[in-house]
Amino acid sequence: MSAHLRHLRYVMGENPVTLFSFVLFFLLLALGLFGPWLAPYDPLASDTANALKPPSWAHPFGTDNLGRDVFSRVITATRLDLAISVAAVSLSFVAGSVAGVCAGYFGGVTDKLISRLTDTIMAFPLFVLAMGIVSALGNTIENIVYTTAVINFPFYARVARAEANSRREAGFVEAARLSGNGHGRILLFHMGPNIMPPMMVQISLNMGYAILNAAGLSFIGLGVRPPTPEWGIMVAEGAKFIVSGEWWLAIFPGAALMLAVLCFNLLGDGLRDLIDPRMRT
Amino acid sequence: MKGDSLLLIGRRLLQAAPVVMGIIVVTFILTRALPGDPAVFFAGPAADEKSIAEIRASLGLDKSWPEQFWVYLQNLARGDLGKSISTGQPVMEEIATRLPASLELTLMGLLLAVAIAIPLGILAATRPNSFVDHLCRLVVTIGVSLPTFFTGLFLVYIFYFLLGLSPAPLGRLSIIHISPDHVTGFYLIDSLIAGDLEVFRAALSQMILPASTLAIFALAPLARMTRAAMLGVLSSDYVRTARASGLSSRTVLWVYAFQNAMLPVLTTLGMVFSFLLGANVLVEKVFAWPGIGSFAIEALIASDYAAVQGFVLAMALMYVLLNLAIDILYTVVDPRIGLEG
């Protein structure tokens, strides 16, 4: 463990960018957890006398067309945006690992079926498929979560399959089998922990994509409904005002979105360096 | 040799068949997974039991699923994707008239991205840890993190509102211009065929911002791949041999390294195209571009299912076609490839 910590400190010292991403991550986490208490104003309270005011000391991110405080809305939105993507990523992580590990471990028909399924999903442009699924399931936040989970499923299934496949004949698996463990136990307690590191990297690389995807869907009017504060929909609402120069409505939530995605992408790269230095590019 | 690669191309075409089948099955399931009864939906609020049953029969919804699937296949074979309830036109027609606008934009974005990403990647790989290399790294990191719709709006704010350099983000041509005669459907090409440079200039100025938005998005994976592939190739044995044989560094770079490094980049191009088709939808919304993306958004909001599913199918088939083209190109470019599996 101490070797890991030393390696962690080495990577951090070597790469201040990763340190930055860790700091950003904890900031996002704090905003997600305590956002509603940190926001200086009620994100839904409109004040038409103060509509469309540019950033000032009282309203650091300005006010929107209904006089709501953009800063408070951006902060409050963190929780919803993170919740959607964390829920979606957890779902596809669980489903993808189980399916992928089974495919890699059992091979044969199981492998064929699961590979065909992932190939079929990947045959679609993923955002387009997401639009199709949401239209079929119905336009709700839960369905955005399920949809995002479906389109991310192949990434996890593929990694888990490859990792499990390369270990199915490994000594520790044989040993577990010989000492009388069933397939279930082997998969859960022997294979599972071993494929965790690459899966964790996949999660943090995938989180950014999941956030972008969910925000994209709400940008085109799916899922989250106004007046709920959410980054994608705030950018969509602010888009109307860009051409007349009220930039702060769309730019601040967009920047928050970008920082969140950037944070997870950098974190993913950092984790990959930590776990597998050879993958470094 | 020639016959071999023809055989390979034929086999690759056959391999695409199950993928296309999978796509059709998924779109069929999506069409039938509608919440509620489509017959009730189509019949409207004033319908009684009898008219709902009639509509159900006319839509073929009273048949079993396999039968319905067979009907769906037959309709597809005739190019019939159903009717859009919001416009009243056949979905196929709607998509066909809007497709050129989307394709022109997507291809322009891709072209722009390739034109910037490949030189950037090569420069970064040939000069590790130089300014260009750091620039490349920065572009790659920022590029993948920027939401396309945000980039688009940002560019509009800077170039339209602040600098006044580009026209209002409202479609393919401003109203003072008349669209060129339809030949290819691509305004840039059609206006050149018509010899109307004024319209060409106008269409180009409308195109620059949305195409750049897409390009910024597509730049990152391409530059990253080019850099990595070039680095890999430049440290390979055959490049060292070529250098040791006294070939000029230009020959080594372009003949030996570049051609080999382009193969993985070509593969990445397929993935990038898939992302672009999705990003295109968002960009079309930002720039009020009259393509199939904005058509699909309107259809989604109006719960116009036939239109949305037709859109999903069209995009997926386009992506399969592109992947096929890339694979075939691959076979032609790289004679070593066996295309097994």
Side-chain angles (χ1 to χ4, degrees), chain A residues 17 116-117 119-140 143 151 205 208-209 211-213 215-217 219-222 231-232 235-236 238-239 242-247 249-251 253-255 257-266 269 281, chain B residues 18-20 22-23 25-27 29-36 141-142 144-154 156-157 160-162 168-169 224 227-228 231 273-279 281-282 285-286 296-297 299-301 303-305 308-309 311-313 315-316 318-320 323:
Chain A
V17 175
R116 192 44 32 99
L117 180 67
D119 287 352
T120 307
I121 296 177
M122 293 299 281
F124 286 89
L126 292 178
F127 189 74
V128 171
L129 179 63
M131 291 170 68
I133 299 179
V134 174
S135 91
L137 291 180
N139 186 356
T140 63
N143 287 337
I151 64 168
L205 287 175
Y209 180 66
I211 296 178
L212 270 188
N213 194 73
L217 287 175
F219 177 75
I220 61 174
L222 295 176
W231 295 330
V235 177
I242 281 272
V243 281
S244 50
E246 284 91 10
W247 53 273
L249 269 68
I251 298 297
L257 185 57
M258 190 196 98
L259 277 181
V261 179
L262 184 70
C263 162
F264 284 106
N265 284 343
L266 292 177
D269 287 343
T281 48
Chain B
V19 177
V20 171
I23 287 173
V25 170
V26 170
T27 12
I29 294 172
L30 288 181
T31 342
R32 301 300 123 142
L34 310 184
T141 318
I142 304 275
V144 284
S145 308
L146 276 172
T148 4
F149 49 90
F150 175 68
T151 328
L153 286 170
F154 194 70
V156 167
Y157 179 69
Y160 169 69
F161 182 78
L162 284 185
R224 184 178 207 157
R227 179 176 170 278
L231 277 178
F273 191 74
S274 155
F275 287 152
L276 273 185
L277 287 178
V281 176
L282 300 169
K285 182 172 154 83
V286 171
I297 294 177
L300 266 173
I301 302 305
S303 303
D304 187 350
Y305 298 112
V308 178
Q309 309 312 349
F311 159 76
V312 174
L313 187 68
M315 290 294 232
M318 218 146 74
Y319 180 41
V320 170
N323 269 331

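Proteins get letters first, then strands, A, B, ... in listed order; numbering begins at 1 in each.
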(request) Pick whichever of B/Val19, B/Leu277, B/Val286, B/Leu282 has the most heavy-atom pairs under 4.5 Å with chain A. (result) B/Leu282
(request) Determine whether A/Arg116 and B/Pro18 make a side-chain contact, defined as any pair of heavy atoms from C-beta on separated by less than 4.5 Å. (result) yes
(request) Measure A/Phe264 against the heavy atoms of chain B and call it side chain, backbone, both or neither at under 4.5 Å. (result) neither
(message) Heavy-atom pairs under 4.5 Å with chain B: which of A/Leu117, A/Leu212, A/Leu259 has the most?
(response) A/Leu212
(message) Restricting to non-hydrogen atoms, name the atom on B/Met315 and the atom on A/Pro125 that form the minimum distance, rounded to 0.1 Å.
(response) O-CG, 3.9 Å
(request) Could you look at B/Tyr160 and say if it's the side chain, the backbone, both or neither that has a heavy atom under 4.5 Å from chain A? (result) side chain
(request) Locate the shortest heavy-atom distance separating A/Phe124 from B/Ser274; write the atom from each residue and the value. (result) O-OG, 4.2 Å
(request) Name the region of B/Phe275, side chain, backbone, both or neither, that has any atom closer than 4.5 Å to a heavy atom of chain A. (result) side chain
(message) Please give me the minimum heavy-atom distance between B/Ile23 and A/Thr120, naming the atom from each residue.
(response) N-CG2, 4.3 Å
(message) Is A/Asn265 in contact with chain B via its backbone, its side chain, both, or neither, using a 4.5 Å heavy-atom distance?
(response) side chain
(request) To the nearest 0.5 angstrom, please state how far the OG1 atom of B/Thr148 sits from the CZ atom of A/Phe219. (result) 8.5 Å
(request) Identify the heavy atoms of B/Ala296 and A/Met131 that sit nearest to each other, and give their distance. (result) CB-CE, 3.9 Å
(request) Give the member of A/Val243, A/Asn139, A/Leu257 that has the highest number of heavy-atom pairs under 4.5 Å with chain B. (result) A/Val243
(request) Tell me, out of A/Ser244, A/Gly221, A/Gly208, who's got the most heavy-atom pairs with chain B below 4.5 Å. (result) A/Ser244
(message) Quick check: closest heavy atoms across A/Ser135 and B/Leu300, and the distance to 0.1 Å?
(response) CB-CD2, 3.2 Å
(request) Side-chain contact test, heavy atoms from C-beta onward, threshold under 4.5 Å: evaluate it for B/Phe154 versus A/Ile251 and give yes or no. (result) yes
(message) Minimum heavy-atom separation for A/Ala250 and B/Leu153, please, with both atom names.
(response) CB-CD1, 4.1 Å
(request) Examine whether an atom of B/Val308 lies under 4.5 Å from a heavy atom of chain A, and if so say whether it belongs to the side chain, the backbone or both; otherwise answer neither. (result) side chain
(request) Examine whether an atom of A/Ile121 lies under 4.5 Å from a heavy atom of chain B, and if so say whether it belongs to the side chain, the backbone or both; otherwise answer neither. (result) neither
